[in-house]
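Atom set for the values below is all heavy atoms of this structure, side chains included, hydrogens, waters and symmetry mates excluded.
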Amino acid sequence: MNITRPRLRTTVPTALLAAAALLALSACSASDDGNGNGSTPAGSSGKTVDVRIPDPGNSGVLALGKKDGSLDKALGKAGARVKWTGSAGPFAPAAQAMNADQLDIATGSITSGITSLSQRPGFQFFTAVDPDAKGEGILVRDGSGIESVADLVGKKVAVNQGGTGEYLLLKALAKEKIPADKVERVYLRPDQTAAVFNAGQVDAWAVWATYAVAEIGSGKAHFLADGEAIGSDNYSLNAVRTGFAEQHPAVVKALYDYLHSASIKEKKDPAAYLNVFTDVGPTAVTGKAKEVQTEITAESGTVDPIGPEDIARFESVAAFYAEQKVTKEKVDVAAHLLDVEKLT
């Protein structure tokens, strides 16, 4: 069955997904109550707003911004500065932290975003990066004998519940008209799945580039179907806590401007954003994995404002999740979007 899909602006940069994964941003002005609820706008009193961002690791836009000081310089124009803290992680707990006024900015996929919006959302999405055509998909081990999506019937597939993995698997099965219950979903955290996958305890792994690159780079696994083949509408998004956006719009706009321009540079020169602090050790991307990562990033998209065509595809994912009973009802994504171009 051939499906005609809207032309993408481009594909998503995996390095941006993995290392531009700014998980959290929290600000305190001179009149803040400690939860970012002060009444003084960023910089208006001459006080600098501390922007807390989890450590970006060894690769990506934020890693380079940390090393060369360019992010501090960009946020300084809005009266803010970076305070590196913690580490990046999944969107679901970050959304909970935003709802609890503990974080102000988080990065994640539209899929995990929708499941978080179905609960008690206290955040809005303000940027979009097009779906990853080549860096996400369903991984199988070389020599597994699984050669088509239909071969997954009766098999076990590892997915992260309610997020990218579950979406990719359900989308692939729906495209081939295979009932979802014909394949066993094994719910695992992605950072715990590699060992299970390589030990043969699951037959396949629906996953995105953050974890897929290492597996493909090992020469022992490949995509049975990638995002393009699946017809994925899985955007990468940045979210902001609603209260923070209302109080510090200039900081949010400065952050967007930085991510947008830096993502363009990363696309043009992917190697410059890999192994920013070290080219050895567990955080370094080396060998074949480095080649895979560079190729994906070179075909990458950029961090952009959310447009009408994006909203239509967000709503399509929300409708699909409701149809597949991942959510109890269709989530109104449009009600939780912010026009970053109007922020001042």
- request: Tell me yes or no: between the side chains of T164 and E136, is some donor less than 3.5 Å from an acceptor?
  value: no
- prompt: Is the Y211 to F197 ring centre distance short of 6.0 Å?
  reply: no
field: Shortest non-hydrogen separation from A180 to Q324 and the atoms involved
entry: CB-OE1, 4.1 Å
- prompt: Any Lys/Arg nitrogen of D269 or K265 sitting under 4.0 Å from an Asp/Glu carboxylate oxygen of the other?
  reply: no
message: List the residues meeting salt bridge (Lys or Arg N to Asp or Glu O under 4.0 Å) with E215, not counting sequence neighbours, and say none if there are none.
response: none
message: Atom NZ of residue position K156 - does it have more than 12 heavy atoms of other residues, nucleotides or ligands inside 6.0 Å?
response: no
- prompt: Hey, are the side chains of F314 and L237 touching, using non-hydrogen atoms and a 4.5 Å cut-off?
  reply: yes
Distance-only polar pair, side chains of S70 and Y258, donor-acceptor under 3.5 Å: yes
Sequence-distant partners of A312, side-chain contact (heavy atoms from CB on, under 4.5 Å), two or more places apart: none
message: What I'd like to find out is whether the side chain of F125 reaches to under 4.5 Å of the side chain of I306, using heavy atoms alone.
response: yes
message: Is the shortest side-chain heavy-atom distance between W84 and L71 below 4.5 Å?
response: yes
query: Can R241 and D104 be counted as an ion pair, charged N to O under 4.0 angstrom?
result: yes
task: Report yes if some heavy atom in the side chain of F123 is under 4.5 Å from a heavy atom in the side chain of S116; otherwise report no.
output: yes
Sidechain-backbone polar pair: Y167 side chain, D233 backbone, donor-acceptor under 3.5 Å: yes
